[in-house]
Amino acid sequence: MKLGKDMTNTQIAELLRAIAASYQLKGEEKNRFRIIAYQRAADAGEHASSELKDLWDDGKLKEVPGIGESIASHLDEIFRTGTSKHFEAVMKGLPPAMFELMEVPGIGAKTAQKLVSELGIKSLSELEKAAKKGKVAGLGGFGEQSQSDILKSIEETKGRTKRQLLPYAAAHAGAIIEWMLKNKLVKRADPLGSLRREASTVGDIDIAVATDHPVEALAHFVKYPKKSRILEKGDRTASIILPGDVQVDLMVQPPDAYGALLQHFTGSKHHNIALREYALKHGMSLSEYGIKIKGKLNKFSTEEDFYKKLGMDWVPPEIREDTGEIETALTHKLPNLVELKDIKGDLQIHSDFDIETSHDLGESSMQDVVKEADKLGYEYIAFTEHNPSKSKHNEQQVIDILKRKKEAIEKLNYSFVKNHCKSVKKVFNSLEIDILPEGGLSIPDTALDLLDFALVSIHSSFRMERNSMTKRVISALAYPKVKIFAHPTARKLNEREGIELNWQEIFEYCTKNRKFLEINAEPSRLDLPDSVVREAVKAGVKLTLGTDSHHKDGLKNMIFGISVARRGWAEKEDIVNTRSLKEIEKMLE
DNA sequence: GCCGTTTTCGGCCCGACTGTTTTCAGTCG
């Protein structure tokens, strides 16, 4: 555990979990709730919409729910000095290898400590060697079974460093649901957990099944032909592992109690904890079986009835994160979240028009894309190829290329769109322009006049300090033709962290100057991230949805952008391209 | 250690599964 002034949220979460584990091992009863508090603070850090260090910079650390006086003061010390005397003291005497072992599913604090102290191992790989030699099975409290479980778990941890992107998880879940419904005893099957909440990445896949024959349903589940092994199987739940080390958990419940099951396992954990705490204060106890009132269990076949019993409106799964939705559901003021059918156009598409860019070109022709957009019932789309390569062309050559593109789109509008489209009325001539490190654009200023409007985005120098990066972006947005900041954090899920920005400053600039932030619907981006969408919506910033398609089939990814928008509490009004062509032309003028 | 639609003190979510045990501890979601 390395402490330092520049700890990221992930590292801080790891640290706080280590502190929780340390307290757990000290084993004093009074520590019980302190342990939970540290675990909650770790979760809070992990889910925070901004870097904790930035919040600390702004004096807002304590505004993060779960971080109070004490933890904030320790973090303050870390950000100032690079260490915390208190945290160092708490972890003192505990072997560092322990914390590494705890990353293996099935190994918690106590198991880790026992393994490290009794086997004298110093790393995860040493544990693996010891287990292979049969040394673990000989320890008190361990046996052959737990030894082989540990080995399997280590093996799977190696393969499973990445969370799945939403479309892949959805495909897995779809196949399993189809398999479950083949069994006549299964009445219903639905996705649960982060998949049902449509989070951008999904860990384990959870599935709910309604049946009066749980044993048979679970037996059918573990016979799933594509599984690589069965992890566990009880009377109410079972887990299997798919190739690629994807874990699938299945939960069953009779149809008359299915609503409670759906609610319970859809989560999020934080939503459920907050909900149960609220219920407890009102004399009710919640579980996956229903709502207990004065010792009597009430069952619910639907989630709507479950929430109704608590005196609140049904909460859309996408916003069940305990960030205010419970209070809002109680006062019947939940947002009317944007839906796919509200979308009237796609504002980021790359065609195969040869614009001689240094980035990637699209693969489908403009006509094929327009045909696809027409099928989707869109009123308009924008072609937003990357700017022509700056190094390979002089200014005049760039202007010539952009003139050619402008003419091509004009022709498209006058002929193809007019004569062959049912719903599409206009194709916008746009461009995705690189923001240079010093804040300029990578096309000559005069070339901007050839466009209807422009997107700007960052494709280089990702590691700039927050204030310089913010300046860089704002100076690019200042060009009148520039309307949209595309994939604003430039993150790539599982590959690259996003850039650092002062969001409040960006939000303020956007609202004052009618600039828009994009929700990029490309599944490996989903950028803005949902938590930032929430902040942007609160700040009154208007957002655009674009698929960043490089092929006509990519247009259908819009649904994933909708998921992000919904998770950020965006309503129809918050999204620019829910507007009609007339309105949007005005907004982009 | 955190927090407030009973509370600034006194609470703090709920249950399943497994292995190694003989009634439970540890872990997970």
Side-chain angles (χ1 to χ4, degrees), chain A residues 16 19-21 23-25 27-28 30-44 62-75 86-87 90 101-115 136-137 139-150 152-153 192-194 203-206 208 214 218 230-239 247-253 260-261 263-292 297 310-312 322 326-327 330-331:
Chain A
L16 295 175
I19 301 293
Y23 277 125
Q24 195 182 345
L25 294 174
E28 298 164 46
K30 65 173 184 184
N31 278 341
R32 227 177 92 220
F33 295 106
R34 191 189 283 166
I35 295 162
I36 294 169
Y38 269 98
Q39 284 165 343
R40 281 187 165 197
D43 287 346
K62 274 197 289 175
E63 285 177 23
V64 180
I67 295 182
E69 197 74 44
S70 168
I71 293 180
S73 79
H74 299 314
L75 291 180
H86 176 68
F87 285 172
V90 173
L101 264 50
M102 283 173 60
E103 284 166 33
V104 178
I107 299 182
K110 304 222 165 159
T111 310
Q113 190 194 35
K114 205 165 178 185
L115 287 169
V136 172
L139 296 176
F142 292 84
E144 288 292 338
Q145 187 65 49
S146 43
Q147 176 168 278
S148 82
D149 284 351
I150 285 173
K152 276 181 201 155
S153 211
L192 297 166
S194 51
D204 296 347
I205 291 172
D206 303 314
L218 287 168
I230 300 169
L231 189 63
E232 59 183 35
K233 180 178 169 296
D235 297 335
R236 299 171 191 279
T237 72
S239 302
Q247 183 174 332
V248 185
D249 303 327
L250 190 96
M251 336 285 171
V252 295
Q253 201 74 281
L261 181 76
Q263 196 291 318
H264 181 88
F265 286 108
T266 294
S268 69
K269 188 170 127 192
H270 300 285
H271 174 82
N272 282 357
I273 289 174
L275 207 62
R276 284 176 218 145
E277 282 174 353
Y278 173 84
L280 212 56
K281 284 175 191 157
H282 294 80
M284 297 179 267
S285 170
L286 312 183
S287 76
E288 68 232 64
Y289 301 106
I291 302 181
K292 239 185 233 170
L297 182 70
L310 292 167
M312 51 184 87
D322 187 27
I326 292 173
E327 296 79 353
L330 280 166
T331 49

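We name chains A, B, ... by the order of the sequence lines, and we start the count at 1 in each one.
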task = Taking salt bridge (charged side-chain N to carboxylate O under 4.0 Å, His left out) as the test, write out the residues that go with K233(A), two or more places apart.
result = none

key: Residues that K62(A) engages under salt bridge (charged side-chain N to carboxylate O under 4.0 Å, His left out), provided they are two or more places apart   = E69(A)

Starting from [atom2] on [N], measure out to [atom1] on [X] and report it in whole angstrom.
| X | N | atom1 | atom2 | value |
| --- | --- | --- | --- | --- |
| R236(A) | dC14(B) | CZ | P | 17 Å |
| R34(A) | dC3(B) | CZ | C1' | 16 Å |
| F33(A) | dC2(B) | CZ | C1' | 12 Å |
| R32(A) | dC14(B) | CZ | P | 12 Å |
| L261(A) | dC14(B) | CG | C1' | 14 Å |

task = Please check if the side chain of S239(A) supplies one atom and the backbone of E232(A) the other of a donor-acceptor pair under 3.5 Å.
result = no

Could you work out the separation of [N] and [M] based on their [atom1] atoms and round it to a whole Å?
| N | M | atom1 | result |
| --- | --- | --- | --- |
| dT18(B) | dT23(B) | C1' | 15 Å |
| dC12(B) | dT7(B) | P | 16 Å |
| dG4(B) | dT8(B) | P | 13 Å |
| dG26(B) | dT20(B) | C1' | 11 Å |
| dC2(B) | dT6(B) | P | 23 Å |

Nucleotide of [options] approaching [X] most closely (side-chain heavy atoms):
| X | options | value |
| --- | --- | --- |
| E232(A) | dC17(B), dA16(B), dG1(B) | dC17(B) |
| T237(A) | dG1(B), dC17(B), dG15(B) | dC17(B) |
| S285(A) | dC14(B), dG19(B), dG1(B) | dC14(B) |

Value rounded to 0.5 Å, distance of [atom1] in [X] from [atom2] in [Y]:
| X | Y | atom1 | atom2 | value |
| --- | --- | --- | --- | --- |
| D206(A) | Q247(A) | CG | CD | 8.5 Å |
| F87(A) | H74(A) | CZ | NE2 | 5.0 Å |
| N272(A) | L286(A) | CG | CG | 8.0 Å |
| T266(A) | L192(A) | OG1 | CG | 5.0 Å |

remark   = Contact string for nucleotides 20-29 of chain B, one letter per nucleotide 5' to 3', B = base within protein heavy-atom range under 4.0 Å, S = sugar-phosphate only, - = neither, reads SS----SSSS

Every protein N/O within reach of nucleotides 4-11 of chain B N/O, cut-off under 3.5 Å:
residue : atom : partner : partner atom : Å
dT6(B)  : OP1  : H282(A) : NE2          : 3.3

Using a heavy-atom cut-off of 4.0 Å across all strands, would you classify [X] as base, sugar-phosphate, or nothing?
| X | value |
| --- | --- |
| I36(A) | nothing |
| L286(A) | sugar-phosphate |
| H271(A) | nothing |

request  = Sequence neighbours left out, what passes side-chain hydrogen bond (donor to acceptor under 3.5 Å, both in side chains) with E277(A)? Give chain and number order.
outcome  = R40(A)

task = Check whether any side-chain N or O of S70(A) sits under 4.0 Å from OP1 or OP2 of dG1(B), and answer yes or no.
result = yes

inquiry  = With a 4.0 Å limit, can you tell me whether S239(A) has a side-chain N or O closer than that to the phosphate oxygens OP1/OP2 of dC17(B)?
reply    = no

request  = Could you walk me through whether I19(A) and I71(A) pass side chain to side chain contact (heavy atoms under 4.5 Å, CB included), step by step?
outcome  = CA-CA 11 Å; I19(A) 301 293; I71(A) 293 180; over 6 Å; no

message = According to salt bridge (Lys or Arg N to Asp or Glu O under 4.0 Å), does anything in residues 265-274 of chain A pair up with another residue at least two apart or in another chain? List the pairs.
response = D43(A)-K269(A)

remark   = dT18(B) -> Watson-Crick or G-U wobble partner, both distances under 3.5 Å, gives dA25(B)

remark   = Assign each of A72(A) and G234(A) the nucleotide of DNA chain B bearing its closest heavy atom; nearer the 5' end lies the nucleotide of A72(A)

